[in-house]
Amino acid sequence: MPELPEVEVSRQGIRPYLENQRISKIVVRDDRLRWPVPITLQDAVGCVVHEVARRAKYLLLKTDKGTIMIHLGMSGSLRVLNSDVSAEKHDHVDIVMETGLCLRLNDPRRFGSVLWEPGDVLQHKLIATLGPEPLTDDFTAQLLFERSRHRKAPVKSFLMDNHNVVGVGNIYANEALFTAGINPKRAAGNISLARYKVLVDDVKDVLAKAIKQGGTTLKDFTQTDGKPGYFVQELQVYGKAGKPCPKCGELLQSLKIGQRNTVFCSDCQR
DNA sequence: ATGGTGACCTGACCGC
DNA sequence: TGCGGTCAGGTCACCA
């Protein structure tokens, strides 16, 4: 589920229940996530969460002693509920607040992670080398253009590479390249500045729109039914191989780029 | 440095 | 009903 929009929607959803509240207990039912959940995570107990931030797809629960870093991987999701609600399958970690509410991570595939960084979280190994946030002014066509010169990797792989820009996952890479009219196989180094301008605008548009719409589905993070999820979006190409292109009617093609399913229109995307 | 691949996991789905 | 194969929204480590 999580691409950047869902992570941001999750951040907004959990924030009111965590900010300025003290952590009273952390329950780790299964520490076998992408990286083992560290024992030091318990250092967060007793701390007040003063900010719920986000960097790339990491949610950052900041305290005076350090930061809890949560990544949802491919299948993770978060809920806020009363801590006495019994855990279900794949409910691996609870961060229990003094209010009696807890943040509960469910992650069937265990590709997610929960880590503890006592120092500057932006210097953490997994975060320090990341590219700019797509929804800030740091993400520019000029940057993509310069970074991509002499690169022969497909533009789709280039766009999904966290070192160039964070938070563009498979769905939105497909969507943005479609909207921008760029063939996903085209070498990144072979795309003009003008076309990167279009692409950057379209990446921003599609992400912003998804966040906005995702927000509307998120009625109440404390509900136990209906997980806070993504919902059906107006996706134009993702998951629609073999169907007509929304622009020209030609059938959408699919192929694998970097092991990921890629859908595009061979007429509209050059 | 770059780019391509395997690996980490579970669950849903499809065809036999 | 069961079994095997395939696929899935991420991303790091490793090798040529």
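Keep in mind that what you see is a predicted model, and the values were worked out from it rather than measured. Chain naming here is simple, since letters A, B, ... match the order of the sequence lines and numbering starts at 1 in each.
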Would you say [X] places a side-chain N or O within less than 4.0 Å of OP1 or OP2 belonging to [N]?
{"X": "A:Lys256", "N": "C:dA8", "result": "yes"}
{"X": "A:Arg260", "N": "C:dG10", "result": "yes"}
{"X": "A:His71", "N": "C:dG10", "result": "no"}
{"X": "A:Tyr238", "N": "C:dG9", "result": "yes"}

Please report the distance, rounded to the nearest Å, between [atom1] in [X] and [atom2] in [N].
{"X": "A:His163", "N": "C:dT11", "atom1": "NE2", "atom2": "P", "value": "11 Å"}
{"X": "A:Asn174", "N": "C:dA8", "atom1": "CG", "atom2": "C1'", "value": "13 Å"}
{"X": "A:Ile171", "N": "C:dT11", "atom1": "CD1", "atom2": "P", "value": "13 Å"}
{"X": "A:Phe111", "N": "C:dA8", "atom1": "CZ", "atom2": "C1'", "value": "10 Å"}
{"X": "A:Met74", "N": "C:dC7", "atom1": "CE", "atom2": "C1'", "value": "9 Å"}
{"X": "A:Arg55", "N": "C:dG10", "atom1": "CZ", "atom2": "C1'", "value": "16 Å"}
{"X": "A:Leu72", "N": "C:dG10", "atom1": "CG", "atom2": "P", "value": "11 Å"}
{"X": "A:Ile257", "N": "C:dG9", "atom1": "CD1", "atom2": "P", "value": "13 Å"}

What nucleic acid atoms does [X] come within less than 4.0 Å of, heavy atoms only: base, sugar-phosphate, or nothing?
{"X": "A:Leu126", "result": "sugar-phosphate"}
{"X": "A:Asn261", "result": "sugar-phosphate"}
{"X": "A:Arg34", "result": "base"}

Side chain to side chain contact (heavy atoms under 4.5 Å, CB included) partner of A:Val203, chosen from A:Leu144, A:Val165, A:Leu159:
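Of the listed residues A:Leu144, A:Val165, A:Leu159, the side chain to side chain contact (heavy atoms under 4.5 Å, CB included) partner of A:Val203 is A:Leu159.
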For the pair A:Arg54 and A:Glu133, find out whether any cationic side-chain nitrogen is under 4.0 Å from an anionic carboxylate oxygen.
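Looking at A:Arg54 and A:Glu133, the cut-off is met.
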How would you list all residue pairs meeting side chain to side chain donor-acceptor pair (under 3.5 Å) that involve residues 252-270 of chain A, not counting sequence neighbours?
A:Lys156-A:Thr262
Check the side chains of A:Asn106 and A:Ser77 for a donor-acceptor pair under 3.5 angstrom, ignoring hydrogens and angles.
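Side-chain D/A pair, A:Ser77 to A:Asn106: absent.
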Verify the cluster assignment for A:Met69 and A:Ile26: are they in a single hydrophobic cluster under the rule of side-chain heavy atoms below 4.5 Å apart?
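Looking at the clustering, A:Ile26 is in a separate group from A:Met69.
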Would you grab the first and last nucleotide of DNA chain B (5' to 3') that comes under 4.0 Å of any non-hydrogen atom in chain A?
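Answer, 5' to 3': B:dT2 to B:dG11.
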Measuring only between side-chain heavy atoms, which start at C-beta, is A:Glu19 closer than 4.5 Å to A:Val48?
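Not touching, per the 4.5 Å side-chain cut-off.
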Evaluate the side-chain proximity of A:His92 to A:Arg110: yes if any heavy-atom separation is below 4.5 Å, no if none is.
yes
Roughly how far apart, to the nearest Å, are C:dC7 and B:dT5 at atom P?
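Result for the P pair: 15 Å, nearest Å.
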When the P atoms of C:dT11 and B:dA1 are considered, how many whole Å apart are they?
23 Å
Between A:Gln259 and A:Arg149, which is nearer to the 5' end of DNA chain B once each is assigned its nearest nucleotide?
A:Arg149
5' priority, DNA chain B, between A:Arg110 and A:Ser157 [closest heavy atom]:
A:Ser157
Is the NZ or CZ atom of A:Lys247 positioned over A:Phe178's six-membered ring, under 6.0 angstrom from the centre and within 45° of the axis?
yes
Test: A:Arg149 cationic atom under 6.0 Å from A:Phe145 six-membered ring centre, within 45° of axis
yes
Between atom CG of A:Leu72 and atom OG of A:Ser10, what is the distance when rounded to the nearest 0.5 Å?
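Answer for the CG-OG pair, A:Leu72 versus A:Ser10, is 6.0 Å.
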Report the stems of DNA chain B as range-with-range entries sorted by first number; a stem here is at least three consecutive pairs, Watson-Crick or G-U wobble, both distances under 3.5 Å, and write none if there are none.
B:2-8 with C:10-16, B:10-16 with C:2-8
